[in-house]
Structures are given as C-alpha cells and as structure tokens.
Trainee: 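Dumping the structure here so I can ask a few things about it.
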Number of protein chains: 2
Amino acid sequence: MAENKEITIYDIARYLKISATTVSRGLKNHPTINKNTCKKIAEAARILGYRSNTFASSLLSKTTHTLGVIVPRISSYFMSYVLAGMEDAASRQGYTLIINHSNESTEKEKVNALTMFNKRVDGLLISVAYDTRNIDHILPFFKKNIPVIFFDRTWSHPESMSVEIDNIKAGYEVTKHLLEQGFRKIAHLTGNLLRNVYADRLTGYKDALREYRIPYDEKKLFIGPLSENAGTQLAEKMIAMKVKDRPDAVFAANDTSAVYCMLKLKEAGFRIPGDIGFAGFNNDPISQVVTPHLTTVQYPGYQMGETAVNNLINHLKGITELHAIPKIILRAELMIRASSLKKKTL
Amino acid sequence: MAENKEITIYDIARYLKISATTVSRGLKNHPTINKNTCKKIAEAARILGYRSNTFASSLLSKTTHTLGVIVPRISSYFMSYVLAGMEDAASRQGYTLIINHSNESTEKEKVNALTMFNKRVDGLLISVAYDTRNIDHILPFFKKNIPVIFFDRTWSHPESMSVEIDNIKAGYEVTKHLLEQGFRKIAHLTGNLLRNVYADRLTGYKDALREYRIPYDEKKLFIGPLSENAGTQLAEKMIAMKVKDRPDAVFAANDTSAVYCMLKLKEAGFRIPGDIGFAGFNNDPISQVVTPHLTTVQYPGYQMGETAVNNLINHLKGITELHAIPKIILRAELMIRASSLKKKTL
DNA sequence: TTAATTATTGCAACCGATTGCAATTTTTTT
DNA sequence: AAAAAAATTGCAATCGGTTGCAATAATTAA
C-alpha cells in the first residue's frame, strides 16, 4: 500500500487539476478562492488523507504555534495544576506546549531555555528554579523579541509580565490570623529568599508582627528546602528547645513541610493547636487529610496557568502588549482550619 | 541593531567565504570536512549567533525529535511523576515532549491525538481516558508506522508496546494481605472496568478471595470515579447498611477515595482498622498523612515514564523493535501500614 | 615527474507551503 | 456588444538546510 506516502498540496492539485497555489489558499478558505473550489479541495484533502506539513509553513512564517514551559518541578501538586490550566488554555487556542522541568537546578534550567530557544517557541512561560541567580539564559528571548511570562516564582524584567499571587498579603494574613488566635511566638519556615514567593511571604509575616508590636526575631526564621525532611527537622529542633525559646506556632511556606513538622510534634506529644499552632501554604490535599486539618492558603494554580497562557497568546496575536502590564495578581485565599484555631471561634 | 536578523548557514558561508554545503556538513562534523574547517565554522556560528532552523531540516528529514504524550490528567500525583520521568529521559536523549491531557474525555483525547499526528511527533506515549472504548483515533499512527507506547492505562495492539505494573498481582496481594489480617467481608471500590488497571485489580481481588474460599459477592463491588466524593459516598452507604451486610474492609483502587471513605467512617465513629480495615492504591502523599496511615501499593510513576520514553527512543534509533516486546511490567510494592493491621503483627 | 589515490569542497536540486503580482475568467455597467 | 470592474486562478520565487554527484586540491605511489 501507499499508506506511507505523505500527501502534499501538490497531490491534491494534481488530483483536482488545479494549481498548488489554489489548494494552499483553498485549504484555509482564503477569500479570493471560489467557495465551491474550496469545498472540492477540502473534500479531496479528506479523501487523499492530507495533513498539512507544519515545517514547511513554519519555515516561511517563522511561527510555530508552540509555547515553551519551564517549571522547577512537574511533580508537585501546585505545579501540576498550573500545567493543567496552561494546557487547557493553550489547546483551546490552537497552541501546543513543550514542557521542561529544571528539577530546581539552574544548570538544567539553562539547558531547557536553550532547547526552547532552538525549537523556536513563539513564547516562553517560566517559573525559576530554587537558586537561580540571574536570567542571562533568558536574555536571548528578549533580544529576539520572543515574549516571556514569569509565573509564581517570578523575575522582574521591563519587557516581561509576571503572573503571581500577592505573597506579601498572603503572608500577612496568615500571620495576622495566628496572632489573632493568640499565638505570639510564631516561627516561619521558608525557602530561599532569593525567590519572590518566599521573600514576599516573609515580608508579610514581618508586617503582621509589626502591627502587633512584636519584634521580629531572626532566630524564629528557618530557611530550607521545604521538604518533608525539612519539616521533620524543624520539629526536632523545636522539641530540643527550652520552653521559653520554643515557638508557639509555625507558619510554613508550604504544606508539605508544615504537615511533617506537625506529625513529628504530635508524635512527641505536643497538642496541635493547643501547644503549637500551624499554618501552611498551597492547600495541598494533605492539608485536608492531616489531623487536625491544616490552615493554609488556597493557591490558584489552574487559574495561574490559564492566565499566563492567555496573556501570552493575546500578546502573540497582537491583542495586547506584554510590557504594558508588568504584573497580574491572582486572588489567594486564607483557608482557616483546625490547626490554627486556639480560640474555638473565629 | 540587527539583533533580530536570523543567522543562516548562508551567512556563515559568506562570512567564511566557503559554500553553504560545507557549513552544513561542518556544523555536524561530517567526516569529509577538514577538521580545521569544522573548527572555523563552529567558531563563526558562535560569533554570529547562529541557531539551526529545525523546520528546514525537519522538512527534509521528516523527523522532529519530538514525542507526543497524552495523559488523562496532568494534575494527579501519580501522573505528574510519570511526566517527570518522561521529561528527564527525553531531554537526556535530546528529545522534546509535547504534552496534552484528555481530562478523562475521549473526545479531547481524539483531538489531542490529531494534534500530535499533525505536529508529526516521532512517537506517541498514551494513557487512555476513563471511558475510551476504541482506539480508532490512534490507528493513523500505526498506519504511518509512528511508534506508539501505551502506559498505565493500556490497550493491547500488535504493533505497540505497553508499560504497566502487574495489576492482577497487586490486587491479589492487597486482598490477600487483608484476608491474612482476618478481614472477611472485603469491599472493592474501583473505576471503569474497561480500563485494564481496574479490571486487573478486580481479577486479583477475586483470585485472592477464591484462594480463601470466599465467594465473590457482587454487592461488595463499587464502581465509580474514585474521587474524594466517591469515597465519602461509599462511607455513607456503609454507614447505612445493616451490620451483617457491612464490609469489614475496603480495598480502593486509589488512595484518594480510600482516604475520604476512611475519614467519613472515622467521623461516624468507626474505628480503623478495628471495625473496618483499609487499603488504597498509588502511595499518594495523603496515604502517609492520614491517621491511621493507609496501606497501599507503591506505584513506580517516575520509572514508568522513564521506561516508556527510553523504549520509544530505542525503537526510533533502531536499537530495538517495539512489537518484539508487547509488554513491560514494572515492580509495584505493597506498602503495609496501620490502616489494615488488625492483628498487631505482620 | 607523472599517474593514481584520497581528501575536501561546491553545484544544484529538493523538501512542502506561501505569497506578490500578473493573467485569465466572469460579472456588471454603459 | 464593448468596456470596465470584480472574482478567480496560477507562475515563480522564497524560507533554510541537506545530499548525490561532480569538481578540485592535496597526498601518495609508481
């Protein structure tokens, strides 16, 4: 069988005894082509099993209808929702996603960026790795006027747009809530302060303390990878502390570390929230499964992905200008649950 | 600045006063090109900021170095690990992934398959949607000799390969473990039996019952979407049952439904595992956070993704033949935890 | 020193779709 | 019925890299 022979517009042209030009135009219903001819062309394409050769047209148009996505980690609850939102938005508009993850390594991030650059994505969506210190590897995109959108872990750049939540506000609200509940020695477990998400939450935390006239105590700030282990270790440190030094609450910058810290403390006999209150971040499934349920911040991952992609595509279509909107803030919501409710009421 | 001008091999040729042919060959260190010339070409490419135009070469080679991935849902713990494994394996070998999700809809799956087909991926990796009933939409790939690998939720096809775990064995082991612990009225909460993963686990469940000479009771089989809600609803049904009809254990085909069923029963005053034993599937993070911890099956997602991609690429490179290996079975491991330990020991 | 090898390099056609402009056909106007 | 306007269609060049084959240059053998 000739099943393997690819059908081109020339085959259709020969079949209908017309020119390839007309076929090319007919296939996209170009207004100058007779409606009837268009119909015949579409029909012939169907019969012959034609599929457009995207390379040939990309070669000419220099456009791929492909967006590159670089995330620190695919396998995270939050990020997988971002990707789901991106995928839905992209395919709704006829775009395809190329997804890479840096695995939190700046080196891999650089390689990924280069790959995307060489694959000539029409635009780039990126959330930077844990300890990325500069965006030299993104500069080539700006130079070539390829639009870049940062999301979640952002990086400010005059030609780019960021999509994020108001981390300062979220950090403030979490901390304020803990303060309202009567906690006064609140520890903050967070990640690399180079990252906006962590730096901003810390700022919010400090803001709330200031409001309550509680001096900020550096000894209550714990910086680490926010892993299960990081949570467990903080618990161990706390257990080893003298009572007067021991925090009476923990605000962790993600749920994983919060939960594992909680579990370890519970195991050691501490009551939550009676002895120690807890709040996390992200609203991962574990936050609603752990006992007591974890107070956290609902992070709109799906919506973040959707928003980022829609804005990128609007820019590509010339509907909007990226640099005109340096930042889009999505709504994040404090989810108050038992882990922080010392007073029984709100 | 001429920053925006793309550099082509012709620019390099002009710059070095040699032919484009030589540049093309030199860039890939073709043996007939003088080593020294190669070096000069590479240097010039660097200086001028050349990047290869993949379309132009794909147009000729009919190869994209791109793999298509269709998953039912990106935002699932298990699947996000599969994707991570795929991404690592693919980028290690210089391949790029295009990822789509069907959102458990066969219709979207069809659209996705068409997109991948038109984007001319070199190979396809797919895990089918919840209620896909045929693979007509995949047939075009087979016709064009584009290799297809099914993973997790597979579909047997003579030219294809499947990567999965031994779900029958896993189902058998979970059930046998519950039986060994003294449970005798084990309910099974699962998904659409059209899907191998659910059908096979059920088979294993029946095998274990048979071994213990316990008649299979259809009334103990609950089929649904395996969502949080499905778990809660099963609990409600169980609460409403007469004692003699009530299962003394639940084997759920995923952790989410198991956990939510457990939580609801706990809330209603049932003791786990004293009154009702529990086992789930997947080893999601929630399984280790819920109290008591959930017995489950460790599902090697990352490895599954890696294996699928490596095999696909090996086929593409001509190292192996896909259809020679119809199936690859990965190791899954029963994780025994408190939710199923009625006898205090193993 | 010349012929025979071997190493390098370049010509020109090709992959498949697109597009400006000219050519042809059809329709409308006068 | 002829001229003008509008609707269709096709020619030919182009996008950038690849490759078979011929041409030229450099080495080696005779």
Side-chain angles (χ1 to χ4, degrees), chain A residues 2 4-45 48-66 94 117-122 144, chain B residues 2 4-45 48-66 94 117-122 144:
Chain A
N4 265 317
K5 213 286 191 178
E6 280 294 341
I7 302 298
T8 71
I9 53 170
Y10 297 98
D11 296 314
I12 299 181
R14 205 172 309 122
Y15 179 82
L16 294 175
K17 301 198 201 322
I18 56 178
S19 78
T21 301
T22 304
V23 174
S24 171
R25 293 199 175 111
L27 283 170
K28 28 184 61 75
N29 293 306
H30 194 283
T32 83
I33 301 296
N34 187 295
K35 299 273 182 229
N36 200 35
T37 313
C38 280
K39 229 176 269 172
K40 275 192 219 151
I41 292 172
E43 177 64 6
L48 299 177
Y50 168 81
R51 54 173 177 164
S52 159
N53 187 318
T54 48
F55 319 138
S57 58
S58 282
L59 181 55
L60 221 34
S61 71
K62 290 158 184 9
T63 258
T64 52
H65 278 255
T66 297
F117 187 66
N118 288 335
K119 281 267 173 179
R120 313 214 178 188
V121 295
D122 288 349
K144 282 254 187 314
Chain B
N4 265 317
K5 215 290 192 173
E6 282 292 342
I7 302 299
T8 71
I9 54 170
Y10 298 97
D11 296 316
I12 299 181
R14 204 171 309 122
Y15 180 82
L16 293 175
K17 300 194 202 321
I18 56 179
S19 78
T21 303
T22 304
V23 174
S24 171
R25 293 196 175 112
L27 283 169
K28 30 184 60 77
N29 292 306
H30 195 284
T32 83
I33 302 297
N34 188 295
K35 300 271 183 231
N36 200 35
T37 312
C38 281
K39 228 175 274 174
K40 273 191 221 152
I41 292 171
E43 177 65 5
L48 298 177
Y50 168 81
R51 56 173 177 164
S52 161
N53 186 319
T54 48
F55 320 137
S57 60
S58 283
L59 182 54
L60 223 32
S61 71
K62 290 154 184 11
T63 259
T64 53
H65 279 257
T66 296
F117 187 66
N118 288 336
K119 281 267 173 176
R120 315 220 177 184
V121 295
D122 287 350
K144 283 257 188 311

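Hydrogens, waters and symmetry mates are skipped; everything else that's a heavy atom, side chains included, is used. Numbers restart at 1 for each chain; the letters A, B, ... are given by sequence-line order, proteins then strands.
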Trainee: Do any pairs count as a salt bridge (charged side-chain N to carboxylate O under 4.0 Å, His left out) and have a residue in residues 19-38 of chain A, sequence neighbours left out, and if so which ones?
Mentor: none

Trainee: Check each residue of residues 29-37 of chain A for a non-hydrogen atom within less than 4.0 Å of any atom in DNA chain D, then write out the ones that pass by number, or none.
Mentor: T32(A), I33(A), N34(A), T37(A)

Trainee: Evaluate side-chain contact (heavy atoms from CB on, under 4.5 Å) for N118(B) paired with T54(A), printing each intermediate quantity in order.
Mentor: CA-CA 8 Å; N118(B) 288 336; T54(A) 48; 5.6 Å; no

Trainee: Let me test you: for the helix from dT1(C)-dA30(D) to dT30(C)-dA1(D), what is the angle between the axes at its two ends (five pairs each), rounded to 10 degrees?
Mentor: 40°

Trainee: Polar pairs (N or O, both sides) under 3.5 Å between protein and nucleotides 12-15 of chain C?
Mentor:
from: dA12(C); atom 1: N6; to: T21(B); atom 2: OG1; distance (Å): 3.2
from: dC15(C); atom 1: O3'; to: K62(B); atom 2: NZ; distance (Å): 3.2

Trainee: For a quick check of understanding: with a heavy-atom distance under 4.0 Å over all strands, which category does L27(B) fall into, base, sugar-phosphate or nothing?
Mentor: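 The answer is nothing, as L27(B) stays clear of every strand by at least 4.0 Å.
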
Trainee: Listed by chain and number, what are the side-chain hydrogen bond (donor to acceptor under 3.5 Å, both in side chains) partners of D122(A), not counting sequence neighbours?
Mentor: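 With neighbours one apart ignored, the set is T64(A).
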
Trainee: Can you name the residues that form a ring-ring contact (aromatic ring centres under 6.0 Å, His included) with Y50(B), not counting sequence neighbours?
Mentor: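 Result, ring-ring contact (aromatic ring centres under 6.0 Å, His included) vs Y50(B): none returned.
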
Trainee: Mind checking salt bridge (charged side-chain N to carboxylate O under 4.0 Å, His left out) for R120(B) and listing every partner two or more places apart, or none if nothing turns up?
Mentor: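 R120(B) satisfies salt bridge (charged side-chain N to carboxylate O under 4.0 Å, His left out) with E6(A) only.
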
Trainee: Shoot me the first and last contacting nucleotide of DNA chain D against chain A, ordered 5' to 3', at under 4.0 angstrom to non-hydrogen atoms.
Mentor: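 So the outermost contacting nucleotides come out as dT8(D) to dG16(D).
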
Trainee: Taking the side chain as every heavy atom from C-beta outward, state whether T8(B) and N53(B) have any pair of such atoms under 4.5 Å apart.
Mentor: no

Trainee: Using side-chain hydrogen bond (donor to acceptor under 3.5 Å, both in side chains) as the criterion, list what pairs up with T63(B), not counting sequence neighbours.
Mentor: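 With sequence neighbours excluded, T63(B) shows a side-chain hydrogen bond (donor to acceptor under 3.5 Å, both in side chains) to no residue whatsoever.
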
Trainee: So, using side-chain hydrogen bond (donor to acceptor under 3.5 Å, both in side chains) as the criterion, who are the partners of K119(B) when residues are at least two apart?
Mentor: T66(A)

Trainee: Show the nearest heavy-atom pair for residues A13(B) and S19(B), with the distance to one decimal.
Mentor: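 Looks like CB-C, 3.8 Å.
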
Trainee: Under the salt bridge (charged side-chain N to carboxylate O under 4.0 Å, His left out) rule, collect the residues that match up with D11(A), sequence neighbours excluded.
Mentor: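 Salt bridge (charged side-chain N to carboxylate O under 4.0 Å, His left out) check on D11(A) returns K5(A), R14(A).
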
Trainee: Starting at the 5' end of DNA chain C, which residue's closest nucleotide do you reach first, K17(B) or R25(A)?
Mentor: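 The residue closer to the strand's 5' end, by nearest nucleotide, is K17(B).
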
Trainee: Would you say I33(A) and T22(A) make side-chain contact, with heavy atoms under 4.5 Å?
Mentor: yes

Trainee: Between I7(B) and I12(B), is there a side-chain heavy-atom distance shorter than 4.5 Å?
Mentor: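 In contact.
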
Trainee: Heavy-atom nearest nucleotide on DNA chain C for R120(B) versus S19(B): which residue maps closer to 5'?
Mentor: S19(B)

Trainee: So, using ring-ring contact (aromatic ring centres under 6.0 Å, His included) as the criterion, who are the partners of Y15(A) when residues are at least two apart?
Mentor: none

